[in-house]
Amino acid sequence: DGVAFVDSEGIIREVNQKACDFLECNREDLVGVPLIEQPFYSGEDREDFLERAERVFQGESVPSTTYEVETKEGEKRHIEMNNSIIKKDDDFKGLVLIARDVTERKKSEKKLRESERRYRELFESTNVGIVVHGSEGEIISVNPAAEDVLGLEEKELKEKSLDYWRGKLYRENGEPMNVSDFPVSKVYDSKQPDEETVVGFSLPKGKETKWYITSAVPHFNDKGEIVRVTTFFKDITERKKASERLEMAMSAGEIVFWDWDMVEDKLNFDERWEEMIGYDIDELGEDRSIWKDLIHPEDIKMVEKELERYLKGETRIYETISRMKTKDGKWRYFLDAGKVVEWDENDNPKRFIGILRDVTDQMKAEERKNFLHTLLKQDLGSKSQTIRGYLQLLEEELDLPEKHREYLKKAKKASGEADEILGLAKKLEEVEKTEWVGEKNIVKVLEQVLDDISNFVERKGVEIEKPHPEKIGKVKGDYSLNMFLSQILLSRIQLSQCDTIRIDVRERKEDILLKIEDNGKKLPEDIKNLFIGESYTGETTGVGGVRYYMLREIARHNNANIEVKDSDIGGVRFDVHLKKTE
């Protein structure tokens, strides 16, 4: 400890070497200098120190306290200060100051507080359920995620014994699980950790069973006795459902599993392969070259190239669609996908597993779609341009009566609308081909769109109201968001005969809600039904069916959802739910 003697006048009369070491100064810097003139205290600490010193000199007993001092070299240190009054015949003669350097202790306390804070934040915010049990199995701590898992609040859970879970637990295969086989129970019995046991919970009553990977870890005292057990629950409900769906699909004959021994170059298929290809497994054997012989000659190079790219690490998984010949001589399309799951000591691939799925129907549908797109873009586009050309010649070269000119005007308008529909279809095709990436500032997108169509809006005499905030979070989306918003506005202005459009954007916890409403004509039910997933039949073309169908598809492309409602101001309201970026 550093020790200093201060006389009744407040002058430091003596210090030990430790006090000098604390403050990185010499004895001469301290001795003979009034206590209140010492430069080592600053700010609030200095004021507090002087106030306490005055109380001491008045004979008052003052408890110890801690100050931050600055050494002569400028280093900040924490000093715990105690004092002892010296009297002779009840006369105050001075005091002894005892200073202890507690800098390292303060640092340790700060680290401990920070560690506890981080632990508490992790405990409270993680989506992994955590339950801490005491030495007798009682629950002593539960995080919010565990409350969701177990369907009860922490207070209720603390009142439950392990026996409460009887009849509420299930094994991975769906059979009831005994409480004694529950991971936390097994830990108390074996004193060994229990890792990654799949457990189903039928809590609370009336809701579906949830599935969790559950682990339990014991904590011991010096005598080797369990003092607590921490249990972790990770939700795998969706993963288990997906696994069950996959098994159902495979059982239904839709998917075939294959396993390639790359060392022996042998390929094994499960029994569903017989149903798809028509051959018995014994007919084909395990030689991979026989399987390659089934692939269409025009596809084999592509298949080998994609396999080579995957093995070189250029793609995350191996995936191809190729034609294969069935036993009855027909060519069918198969999606083939897989990945290496085992390597040797030299990092050479040893085992490759994957699936085959018959996608013939999907490929034929895609071929039809591509054919229709080509017909739409080339043949119909060319015909529409020819018609417009002839209509233009009629208008310029013939002296038609006013009545006939009105017919000609309507014909030109219809031709223009046909060109516009073709243009929209082409834009939609471009959007569908675009890989979806990026994020957008939806307010900036809105401002850009409104600027782009401002002349048209002014010409039509439409008032745009924008009560939305200037700043708002970003949304997931690509360049087609601009097209999406402009088409909503243009469609309503052109088709609804509105004179007011109101745009509002609100950031919510789960998404960003964009509202666009007008006071024009309401939408027919068949148009509204487009936005709840019904197929587009083309019957709504007269009221903008193609436009609204395109809006729905661009929204889906951007992972957005549209709700169509009647507007409070007389027309239609579009509620567009946009996904927020992380």
Side-chain angles (χ1 to χ4, degrees), residues 122-220 226-257 259 270-272 341 353 355 357 510:
L122 177 64
F123 185 79
E124 296 291 340
S125 63
T126 180
N127 59 4
V128 175
I130 303 174
V131 176
V132 181
H133 297 261
S135 58
E136 301 299 322
E138 74 280 12
I139 292 177
I140 59 178
S141 184
V142 176
N143 74 340
E147 291 179 323
D148 292 338
V149 171
L150 303 175
L152 297 171
E153 294 182 357
E154 183 175 24
K155 181 181 178 181
E156 298 173 296
L157 288 168
K158 288 181 176 180
E159 298 172 352
K160 309 296 183 185
S161 66
L162 286 174
D163 195 58
Y164 168 77
W165 307 106
R166 191 179 307 279
K168 300 177 176 69
L169 308 174
Y170 296 91
R171 299 180 183 276
E172 187 173 7
N173 61 7
E175 296 178 357
M177 173 184 282
N178 295 325
V179 173
S180 59
D181 293 325
F182 192 41
V184 67
S185 301
K186 292 167 66 177
V187 167
Y188 281 110
D189 291 338
S190 67
K191 291 190 176 183
Q192 298 292 324
D194 186 273
E195 298 181 358
E196 298 193 348
T197 298
V198 175
V199 181
F201 289 86
S202 60
L203 296 172
K205 185 177 180 181
K207 293 190 177 181
E208 64 173 335
T209 298
K210 292 283 188 176
W211 294 92
Y212 298 86
I213 287 182
T214 306
S215 299
V217 181
H219 306 270
F220 303 93
I226 291 179
V227 292
R228 66 182 183 278
V229 174
T230 304
T231 309
F232 304 91
F233 303 88
K234 184 177 181 181
D235 193 336
I236 59 165
T237 304
E238 292 305 316
R239 191 175 80 186
K240 193 170 189 303
K241 287 181 180 178
S243 176
E244 291 172 351
R245 287 194 295 268
L246 176 61
E247 181 58 33
M248 289 175 62
M250 294 180 73
S251 298
E254 296 177 1
I255 297 176
V256 170
F257 173 81
D259 190 336
D270 67 33
E271 64 275 7
R272 299 181 186 91
V341 295
I353 64 171
I355 60 168
R357 184 180 181 191
E510 65 276 11

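Remember, predicted model here, so these are calculated numbers, not experimental data.
A donor-acceptor contact shorter than 3.5 Å links the side chain of Ser185 to the backbone of Val179.
Here the side chains of Leu150 and Val131 are in contact, with some heavy-atom distance below 4.5 Å. Looking at heavy atoms from C-beta onward, Val199 lies out of side-chain contact with Trp165 at the 4.5 angstrom threshold. Considering only heavy atoms from C-beta on, Arg239 comes within 4.5 Å of Ile213 through its side chain. Under the 4.5 Å side-chain criterion, counting only non-hydrogen atoms from C-beta, Pro183 is not in contact with Glu195. Between Val187 and His133, the closest side-chain pair of non-hydrogen atoms is not below 4.5 Å.
Within the structure, the salt bridge (charged side-chain N to carboxylate O under 4.0 Å, His left out) test picks out the following pairs touching residues 182-194 (sequence neighbours left out): Lys186-Asp194.
Listed here is the closest heavy atom pair of Ala216 and Thr231: CB-OG1, 4.1 Å.
At a cut-off of 3.5 Å, with distance as the only test, no side-chain donor of Ser180 or Asn178 sits close to an acceptor on the other residue.
At least one cation-pi condition fails for Lys234 and Phe232: the charged atom is not both under 6.0 angstrom from the six-membered ring centre and inside a 45 degree cone around its axis.
Atom CE of Met177 is separated from atom CD of Glu172 by 9.5 Å, given to the nearest 0.5 angstrom. Rounded to the nearest 0.5 angstrom, Phe233 CZ and Asn143 CG are separated by 9.5 Å. Rounding to the nearest 0.5 Å gives a distance of 11.5 Å between OH of Tyr188 and CZ of Phe182. Within the model, atoms CH2 of Trp211 and CG of Asp235 stand 12.0 Å from one another, a figure rounded to the nearest 0.5 Å.
Taking a cutoff of 4.0 Å between a charged side-chain nitrogen and a carboxylate oxygen, Lys155 and Glu159 do not qualify as a salt bridge.
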